[in-house]
Protein chains: 2
Amino acid sequence: MGTREQIVDAANRLFYQQGFEATSFAAIAEAVGISRGNFYYHFKTKDEILQAVIEARLASTRQMLAEWAGDSADPLVRVRRFIEIVITNRGDIERYGCPVGTLTNELAKLDHPARAHAVGVFELFRAWLCEQFEELGADTQADDLAMHVLAFSQGVATLSNAFHDSDFVSREAYRINTWLTERLPSHTAADGAR
Amino acid sequence: MGTREQIVDAANRLFYQQGFEATSFAAIAEAVGISRGNFYYHFKTKDEILQAVIEARLASTRQMLAEWAGDSADPLVRVRRFIEIVITNRGDIERYGCPVGTLTNELAKLDHPARAHAVGVFELFRAWLCEQFEELGADTQADDLAMHVLAFSQGVATLSNAFHDSDFVSREAYRINTWLTERLPSHTAADGAR
DNA sequence: GTCTATATCGGGATAGAC
DNA sequence: GTCTATCCCGATATAGAC
């Protein structure tokens, strides 16, 4: 892996764990194992590296969503796959929150020009979920349902981060899986919440 | 209003709008109209003023919840009063997010000792909502329902902040009000979602 | 209680040698 | 491409006059 990629990788992680503003160039350089001076050969400003981090997140999200689409032919299973994230990543979420929601909010408070770019990750999830609901036959309200599932993930992430309560996460995941089943009665009970 | 109170008031607002770390002493001093030097007569460190801000938020939250409790004898109406916040404060939420969720997450990322103190505001809402659900007869799962309503508020706040979509907020508020009615069928349809 | 002046530190950013 | 050395600025924090 080239130095530039290592920098983006370390910055990605540190921006998530410490926040964008709280992460210094020195911390990133140290994490990669290069000098601060070398840093500036790859990135001129802090905004440049933020942009690179956001692009990396957009790319990895696109890839993940494409993989999920390939994992199952059933859109309902795919939506459940999304819901699963809050369980799979509960450790990181308890410590740092959702990487998407926390970054977009920080950039909103900073009135940072890259805010809209960061919201793009949300837009990928939203559009992907919307497609799943459209395939499930919820044509007019597909986007509404997509936003509801997204809201679930953000509510769970914020409270899980505040209260450090894994059981709460499980209960909410179970609840929305049930909601999903009731909402789409065209599917059999075998697809129900687990 | 004394100088100290003015400082806490300005810091409270700026911490919300810009974030804790991004807010400098100079900005607070300027907002109040005093010099930076005078500032240190009232607060020795930034952590001291953070503590004062959190205490102010705890106090104002307690007062607000007490007022809500006095507004109606029906616990269901009181819960709906909580849900209304996301509508009433939608302008600020779109710009800055939820003051409670965004601060607790920022302090989590900073690994700041005051994090637990800030979570106290969430605990006030949680306990208050829990009481309402207990009065509604949901004894064993009252806290679960309280957390679900809290999660609603955080999910809506984060996405409203990202997408700047007021209609989404209204739809989600309507949705959880409906959920509330269906969840507690002991009440008449006249209490239903509006 | 409030001010000006100043110390000290860490951050982003640059210059230039290797 | 990577390094050391350095500049500049803004931030926290202190000292001391009024």
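Chain A is the first sequence line, chain B the second, and so forth, proteins listed ahead of strands; every chain is numbered from 1.
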Cationic N near anionic O, under 4.0 Å, B/Glu84 to B/Arg81: yes
A/Lys46 NZ - C/dT14 C1' separation (whole Å): 18 Å
Donor-acceptor contact below 3.5 Å, side chain A/Glu5 vs main chain A/Met1: no
Salt-bridge present (B/Arg78, B/Glu131; N to O < 4.0 Å): no
Heavy-atom closest contact (B/Asn38 atom, B/His42 atom, distance): O-CD2, 3.5 Å
Rounded distance in Å - CZ (A/Arg36) to P (C/dA15): 17 Å
d(CZ, A/Phe39; P, C/dA15) in whole Å: 18 Å
Distance, rounded to the nearest Å, where A/Asn38 contributes CG and C/dA15 contributes P: 17 Å
Electrostatic pair B/Glu172:B/Arg175 at N-O distance under 4.0 angstrom: yes
Donor-acceptor pair, side chain of B/Thr181 and main chain of B/Asn177, under 3.5 angstrom: yes
Within 6.0 angstrom of B/Glu55 CD, more than 12 heavy atoms from elsewhere: yes
Sub-4.0 Å heavy-atom contacts from residues 1-34 of chain A onto DNA chain D, ordered by number: A/Thr3, A/Ile34
Range on DNA chain D touched by chain B, heavy atoms, distance below 4.0 Å: D/dA11 to D/dT14
B/Asn105 (side chain) donor-acceptor with A/Tyr96 (main chain) under 3.5 angstrom: yes
